Amino acid sequence: MTTLDNMSAVAPVGYRLRLPGPTEVPERVRQAMARVVVNHRGPECKAAIGQAQEMIRPVLGTANPVLFFASSGTGLMEAALVNVAGPGCRILVVEHGQFGERFTSIARAMRIEVDTVAVEWGRAIDIAAVEARLREVDYRAVVVVHNESSTGIIADLAALGALVRERPTLLIADSVSGLGGVEMRQDEWGVDIVVSASQKALMCPPGLALASVSPKAWRVIGQDDGRAVFYWDFRRALKSAEQNETAFTAPVSHIYGLREALAMIHEEGLPAVLARHARLSSALRTGGAALGLADFCAEGPRSNTVVVFQVPKGLEGSTIVRRLYQDHRTVIAGARNRLSGRVIRFGTMGTFDAGTILTDLLHLEDTLAKLGHPVVPGAGLKAATEHLAATA
Ligand SMILES: *Cc1c(COP(=O)(O)O)cnc(C)c1O
């Protein structure tokens, strides 16, 4: 095979990207990203950055300036920390899954002092435990993952925001896999920094990430205690954002893509988008249950953007994932952490509809049956269809 053959290879026919990120990119967004690349400081790019800013604010529920960076989501997790805390500063990380643990690792690498509130994976965050820690220590920030993609649990940001409102402590939330698919009311809830990325519910390819920063956080960022930060410096990013630019070369094509994706969200209507995510994720859970797949979450507020199933006894998660791809070109996720082999995860975010989750269930039933798991033919589809009818 020549190199050119390899380079022109596209995804196989029928390829279904059903991961909890990256997610399927709608044709409209793909077309927008194929536009001519323009001067990153010229009028076309400035207009696109300005429109993306304007259209993303209601999705965030904020009046804050929004800072865009060429980066994956983790870059902005790091950026959020390094802009407010330096060596010797103390922060509290609420760890309720893999991405909470990542925040702790980032903070340790930055020589930030970290305390953690460890929550059993798949359970709701104990708000009283967080409050107890806040009474003991004046933390620089409480850091939490809004939508834990590893477990399918949502954090109660309103309750956490209420805890820090009268304190100097900031609230930092990673909504990489939430924003655009689950409700975010940053200003009302008192979330000081929200970070997110392009490749999840925002329906773009990986490569663009963002931060929305509150006035309270800007006051902390303004106190320069010699923080070692350059590319991620929010102060420089803000100066550029005020000119509808980015400090360094903007990911021009991604900005066009994000603007198009946001236009799609507003055409459908943000409340309708959020309701679609809620309805379809619960229909998928219902269908999975009818196939004998228990919800990984024992209790607590479920994510509307990721559905996490326990793997039935006697089966291995990676085998289900592999067979779904081999036999159906349906690409889902297992786990790359302590849950490895024990859970399978579907993205329920971005551009998807009832047909998407019914196809998921059809393929899942076939794969489970082939692997020897007893299923009643059509049981998952029936349960999901009934759920859809009841919630139409
Ligand atoms: C996907 C994701 C990230 C970002 O991961 P990257 O691979 O760096 O883009 C961060 N937090 C959560 C909760 C995620 O789901």
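Please read these numbers as outputs of a predicted model, since none were measured by experiment. Counting starts at 1 for both ligands and their atoms, following the listed order.
In this structure, Ser72 has no side chain to side chain donor-acceptor pair (under 3.5 Å) partners at least two apart in sequence or on a different chain.
Annotation: ligand 1 has protein neighbours Ser72, Gly73, Thr74, Met77, Phe99, Arg102, Val145, Asn147, Ser149, Asp174, Val176, Ser177, Gln199, Lys200, each with a heavy atom less than 4.0 angstrom from the ligand.
Within the structure, side chain to side chain donor-acceptor pair (under 3.5 Å) contacts touching residues 130-140 (residues at least two apart or in different chains) are Asp115-Tyr139. Identified under the side chain to side chain donor-acceptor pair (under 3.5 Å) test for residues 265-281, with sequence neighbours left out: Arg28-Glu267, Glu268-Arg276, Arg279-Thr391.
Atom NE2 of residue His40 and atom CD1 of residue Ile255 lie 11.5 Å apart, to the nearest 0.5 angstrom.
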| task | Report the C-alpha separation of Thr74 and Ile106 in whole Å, then their side-chain angles, then the decisive distance to 0.1 Å, and conclude whether the side chain to side chain contact (heavy atoms under 4.5 Å, CB included) test is met. | result | CA-CA 9 Å; Thr74 306; Ile106 293 169; 4.2 Å; yes
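Residues Arg219 and Gln223 have side chains that never bring a donor and an acceptor to within less than 3.5 angstrom of each other.
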